[in-house]
Amino acid sequence: MNELTPLRTGFSACPHDCPSTCALDIEITGNTVGRVRGAAGNSYTAGVICAKVARYGERINHPDRLLKPLQRVGAKGEGGWRELAWDDALDLVAEKFLAAEARFGAESVWPYFYAGTMGQVQRDGIHRLRHAKRYSGQFDTICTNMAWTGWHAGAGQLTGVDPREMASSDCVVIWGTNAVATQVNVMTHAIRARKERGARIVVIDIYDNATMKQADMALKLLPGSDGALAAALMHIGFRDGTADRAYMARFADDPAGLEAHLATRTPKWAADITGLSVAEIEAFGALIGATPKTFFRLGYGFTRQRNGAASMHAAVSVPTVFGHWQHEGGGAFHSNSDIFKLDKSLLTGAAMRDPSVRFLDQSRIGAVLTGDPGALQNGPKVAAMLVQNTNPANVAPEQRLVRQGLLRDDLFVCVHEQFMTDTARLADLVLPATMFLEHDDLYRGGGQSHLLLGPKLVEPPPGVRTNHFVIEELAKRLGVADRPGFGLSERDLIADILQRSGHGTLDDFEAGRWADLQPDFEAAHFLGGFGWPDGKFRFRPDWTAQGPNTPPASVGPQGPVALLPEWPDHAGLDEAAEPAHPFKLATSPARQFLNSSFAETTGSRTRERRPELLMHPDDAARLGISEDDIVSIGNRRGALHLPVAISPAVRPGVLVHEGLWRNSDFAGGEGINLLVGADPVAPSGGAAFHDTHVWVRPAAAA
């Protein structure tokens with residue numbers, strides 16, 4: 001008689017590049033993953049997770065998962081592969097790294113990684129090998145720099161009001177994030193405030209996305225005009241007497257100077273820049289002026305614009321002018337990254353880091369790999385790479401340069417991946433990687449306040465190995481396995497981080513599943529002062545001050561720093577539409593994908609349907625374009641073809657493509673980031689993915 005395999009429930013944390021870092025309950029039968037639910041006992045996740053992670057069984061059990069090491073056969077990118085034993089594959093990587101080091105120096109090897117997993121061990125362990133071997137450093141610029149820099153320029157530290165306090169608000173402002181698609185828990189707490197308190201939800205974005213459809217007040221800006229709206233709101237506060245002068249006198253640096261600066265930043269001035277009406281701006285200014293418990297949830301849209309740092313600084317200045325910080329359910333939040341203070345020194349090999357070793361800009365991988373002397377800091381070419389947790393051939397800007405670089409015959413690339421991604425297809429060697437339920441790790445929620453454990457729950461397929469395993473095995477072959485931090489298990493390293501960081505033993509932490517590190521009310525609301533030495537919020541930012549993503553000294557300030565504004569303001573630093581490129585393009589996130597993850601699963605692909613271009617009806621009529629027509633869209637970086645979806649969701653002159661789709665999903669095999677620039681953004685670098693000017697032509701004419 002057959003016996004049913006018992007069902008068990010394990011706990012974990014979502015590993016993906018999302019601020020929510022949801023606590024998860026996982027149903028497991030034998031060694032098979034079933035339903036995935038949000039943990040109801042976690043006060044931020046509150047039992048709610050996004051649909052794509054709820055379908056995670058589809059991804060971990062996917063028939064196209066990589067299961068064996070593969071070595072390229074034939075020319076790069078042609079798709080010829082042969083299976084290789086793990087030992088032989090790792091021997092090959094070590095051989096190529098040693099050869100590059102012998103010929104060009106250690107800096108010719110570039111370990112390249114990012115946030116395919118947000119687990120501390122499986123993501124950041126690559127640094128231990130980097131530092132032990134003195135390989136080139138990586139200046140992380142692809143995600144957070146502009147938003148973090150702008151917030152820090154005002155508040156002085158990367159913390160904020162407990163995001164669960166949204167449920168206590170009378171007005172929740174969701175600005176620069178499509179939370180329904182990318183941070184579902186924001187909506188959990190905002191909608192609770194609406195249901196229980198009658199709170200108004202205001203959404204500010206550049207098109208009518210899923211979050212805008214939830215709004216009581218929806219403000220559809222022109223891309224990159226957020227700073228102008230913020231300046232006009234503060235102008236209204238000073239003009240109408242709703243600005244909290246007593247609060248500013250105590251907690252801000254120069255409110256009188258700010259008021260004088262804002263005298264000309266009228267709603268009419270802002271309307272001309274933002275595309276909003278004067279009435280919309282006045283109504284929003286009146287609402288927040290009359291609502292002390294206004295909570296600003298500021299998202300990562302700010303970090304996709306060339307003026308994003310200035311815009312974020314202007315936005316976080318608004319609750320300071322109105323004194324919203326003083327009230328429960330009031331103030332602002334972007335990231336809690338500064339509360340965790342994890343000591344990962346053993347994991348990353350921090351003691352071995354040589355400050356003279358160059359840093360290479362992650363976003364400028366195309367320029368780096370094609371030999372740009374400035375991008376290489378006038379050092380040796382990159383001759384060998386290990387790529388973990390990222391897919392630069394798809395997600396990095398200036399995609400054509402990235403592809404050109406990866407296809408160099410004199411560059412050896414090893415990609416450690418879960419699927420045959422666009423980057424893996426261009427590699428010399430592909431190694432199969434575990435997924436988060438198949439290894440141990442530790443996670444922190446930048447968009448909330450929990451430190452969470454993600455223990456191994458199922459065995460990986462036989463030929464699949466962890467990131468940690470690859471780093472450890474390469475260390476043995478490269479002669480550095482005797483250095484501090486090597487030779488330990490994942491659990492050993494997690495235990496070390498917890499102990500060094502004051503969180504007790506691993507056994508105790510595991511019993512509790514997570515720890516809530518949210519600062520108390522006074523600290524979270526900056527009622528003891530902001531993060532600068534004088535405790536004052538800086539209306540006049542010092543754009544050269546040290547911040548959370550300040551470029552290394554060897555890299556220096558980035559972009560046109562001198563053009564950043566002295567006060568909260570609109571900064572005209574964007575890649576502006578002009579006669580040759582009359583449209584602005586934003587490459588916004590699709591609801592069913594997460595960067596390039598989930599673009600391989602049937603459930604996500606079916607729901608997203610196809611890659612397409614959203615275009616306003618007036619633009620379509622002017623160009624003679626009908627629904628589903630194929631158009632050519634391009635700029636100096638290249639061109640590609642897309643079908644058109646005609647919709648009033650976008651403004652005239654604005655185009656939106658929701659992704660990221662695989663490059664192979666586009667005609668011609670080049671994806672949307674072909675069009676995006678990698679020029680560094682002031683003052684701390686970054687890639688402006690939503691700030692691209694383009695032309696559009698009917699495909700036949702093009």
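Only this structure's heavy atoms are used, side chains among them; waters, hydrogens and symmetry mates stay out.
- Not one N or O on the side chain of Thr177 forms a donor-acceptor pair closer than 3.5 Å with the backbone of Tyr300.
- Trp532 and His152 have their aromatic ring centers within a separation under 6.0 angstrom.
- Considering Asp441, Asn389, Thr434 as possible partners of Asn467, the one that fulfils the side chain to side chain donor-acceptor pair (under 3.5 Å) test is Asn389.
- A cation-pi contact, defined as under 6.0 Å to the ring centre and within 45° of the axis, links Arg128 to Phe486.
- The aromatic rings of Phe666 and His657 sit tilted relative to each other, their planes meeting at an angle between 30° and 60°.
- Taking the six-membered ring for Trp, His334 and Phe302 have ring centres at least 6.0 Å apart.
- Ring planes of Phe97 and Phe412: perpendicular class, angle over 60° (limits at 30 and 60°).
- The side-chain heavy atoms of Thr423 and Val395, taken from C-beta on, include no pair separated by under 4.5 Å.
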Evaluation steps, side chain to side chain contact (heavy atoms under 4.5 Å, CB included), between Phe113 and Arg130: CA-CA 11 Å; Phe113 82 111; Arg130 183 196 311 277; 3.7 Å; yes
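- Aromatic ring pairs are classed by plane angle as parallel below 30°, tilted from 30° to 60° and perpendicular above 60°; the pair His127 and His131 is parallel.
- In this structure, the side chain of Ser684 does not engage the main chain of Asn145 through any donor-acceptor pair within 3.5 Å.
- The backbone N or O of Gly671 lies less than 3.5 Å from a partner atom in the side chain of Gln399, making a donor-acceptor pair.
- Proximity of a side-chain donor or acceptor of Asp691 to a complementary backbone N or O of Gln305 within less than 3.5 Å is not detected.
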